[in-house]
Number of protein chains: 2
Amino acid sequence: MKLSGGVEWALHCCVVLAGMQRPVPAARLAEFHDVSASYLAKQLQGLSRAGLVRSVQGQSGGYLLTRAASEITVLDVVEAVDGDGRTFVCTEVRQRGPLAAEPASCTAPCPIARVMWNADRAWREALRAVSIADVAEDVTRASGTEALPRVRAWLGAVAR
Amino acid sequence: MKLSGGVEWALHCCVVLAGMQRPVPAARLAEFHDVSASYLAKQLQGLSRAGLVRSVQGQSGGYLLTRAASEITVLDVVEAVDGDGRTFVCTEVRQRGPLAAEPASCTAPCPIARVMWNADRAWREALRAVSIADVAEDVTRASGTEALPRVRAWLGAVAR
DNA sequence: TCTACTCGGACAACTTGTGTCCGAGTACCG
DNA sequence: CGGTACTCGGACACAAGTTGTCCGAGTAGA
């Protein structure tokens, strides 16, 4: 039960992309975060597939958020990178073995699965309640009001 | 972000072990659930290490809950089998790269990590709120009042 | 039209989870 | 009291998912 490490990178990328007007190349995002450019590219592809970011090809291309940061939840990013499959899969153990339950009596989900899925839902709801804009605000509160603008200026600067 | 499959088996085992007076061998639990005996043994070892079940060696040995089912939460079982490590690990990305934050300004956890950990806490709380006894009650409600006693009789019967 | 720069998916290496096995230890039975 | 059969426990292979990397397709700009 460990979350993919790329989720952290993707979240950081979305936060710094908030408020960006021009596309930012993946290589520049990787340099900024000091992580593998090739691997970060893969995570950004996941965000692109999910429709969270828009990719612009060609010179002066890069990635850009498709909508306002307040309209993108943390859950969106997590599911885009890590997959939206359920964390718990019920293999219907009750229908196996010598005292197997009748399939007809299994219209309702297994009680164990219900508990796990409820917890899963709570987890997702907590992530859905926070938007990227909320996170950016927290960063500003923690690191000062001029931290994010400085980052955006660095990202927007033309190639060294 | 997928939960270990052994968690499901361990939960089913704990539910059927509830109310058992005599130890039940791992092989019998495996036969009942129609799963690999060798692999289920490993999961039960995890439960034993966590102190949830007590192992009795020798003939007519097996596993037994160490305390009442109402005193064992689903979270206990999940953490015993799957590990109690956090689902999200913060690698302190903010302290890396060209615009790295000062370590002195990082006394508080990263805002991103805080969000993830809050969701993690919500997930664990939901699992902690449900005990094995609660699950057993749900099973009785779903499968009839005589379902669990029949299972216990089958498990307690001497080897074929 | 050409060039340079971008993303996108296909291709390996590795850590983690899955599955299995045999040895150490103990209760029962003769 | 000794032997035996049964139990758990940890050490040992196998497979899958994740991590990491690469090169080709496509496009904006000069």
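Only a predicted model underlies this, so the values are computations on that prediction, with no experimental measurement involved. Convention: sequence-line order gives letters A, B, ...; per-chain numbering from 1.
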TODO: Under 4.0 Å between any heavy atoms, over every strand shown, what does A/Ala26 touch: base, sugar-phosphate, or nothing? Just pick one.
DONE: sugar-phosphate
Open item on the list: Classify the ring geometry of A/Trp9 against A/Tyr39: parallel below 30°, tilted from 30° to 60°, perpendicular beyond 60°.
Closed with: perpendicular
Task: Residues A/Asp84, A/Arg124: salt bridge by 4.0 Å N-O rule - done: no
TODO: Check every strand shown and say whether B/Gly6 touches a base, only sugar-phosphate, or nothing at a heavy-atom separation below 4.0 Å.
DONE: nothing
TODO: Measure from the side-chain heavy atoms of B/Ser60 and tell me the nearest of D/dG29, D/dC8, C/dA27.
DONE: C/dA27
- [ ] Starting at atom CG of A/Leu47, determine the distance to atom P of C/dC7, rounded to an integer number of angstrom.
- [x] 13 Å
- [ ] Rounded to the nearest angstrom, tell me the gap between atom CG in A/Leu44 and atom P in C/dG9.
- [x] 13 Å
- [ ] Figure out the CD/C1' separation between B/Gln43 and D/dG9, and round it to whole Å.
- [x] 14 Å
- [ ] Calculate the interatomic distance between B/Arg54 atom CZ and D/dC8 atom C1'; express it in whole Å.
- [x] 12 Å
TODO: With the side chain of A/Ser38 defined as its heavy atoms from C-beta on, choose the nearest nucleotide among D/dG9, D/dT21, D/dG29.
DONE: D/dT21
Open item on the list: Tell me the interatomic distance from A/Leu3, atom CG, to D/dG17, atom C1', rounded to whole angstroms.
Closed with: 14 Å
Open item on the list: What is the separation between atom CG on A/Leu64 and atom C1' on C/dT6, rounded to the nearest whole Å?
Closed with: 14 Å
- [ ] Report yes if at least one side-chain N or O of A/Ser55 is closer than 4.0 Å to OP1 or OP2 of C/dT6; otherwise report no.
- [x] no
TODO: Using atom OH of B/Tyr39 as one end and atom P of D/dC12 as the other, report the distance to the nearest whole Å.
DONE: 19 Å
TODO: Return the 5'-most residue of the pair A/Gln59, A/Ala41 with respect to DNA chain D, ranking by each residue's nearest nucleotide.
DONE: A/Ala41
Task: A/Ser36 side chain near D/dT19 phosphate (N/O to OP1/OP2, under 4.0 Å) - done: no
TODO: Compare the minimum distances between each of D/dT19, D/dG10, C/dG8 and the side chain of A/Gln45, then state the nucleotide with the smallest one.
DONE: C/dG8
TODO: For the residue pair A/Glu8 and B/Thr91, confirm or rule out a side-chain donor-acceptor distance under 3.5 Å.
DONE: yes
Task: Under-4.0 Å side-chain N/O to phosphate OP1/OP2 contact, B/Arg49 with D/dG10 - done: yes
Open item on the list: Categorize A/Ala27 for me: base, sugar-phosphate, or nothing, with a 4.0 angstrom heavy-atom threshold over every strand shown.
Closed with: nothing
- [ ] Nearest whole angstrom, please: distance from the C1' of D/dT4 to the CD of B/Gln57.
- [x] 15 Å
Open item on the list: Can you classify the ring geometry of A/Phe32 versus A/Trp154 as parallel (below 30°), tilted (30 to 60°) or perpendicular (above 60°)?
Closed with: tilted
- [ ] Please state whether the phosphate of D/dG9, meaning OP1 or OP2, lies under 4.0 angstrom from any side-chain nitrogen or oxygen of B/Ser48.
- [x] yes
Open item on the list: Assess whether a salt bridge exists between B/Asp76 and B/Arg67, defined as any Lys/Arg side-chain N lying under 4.0 Å from an Asp/Glu carboxylate O.
Closed with: yes
Open item on the list: On DNA chain C, does the nearest nucleotide to A/Lys42 precede the nearest nucleotide to B/Gly58 from the 5' side, or the other way round? Give the residue.
Closed with: A/Lys42
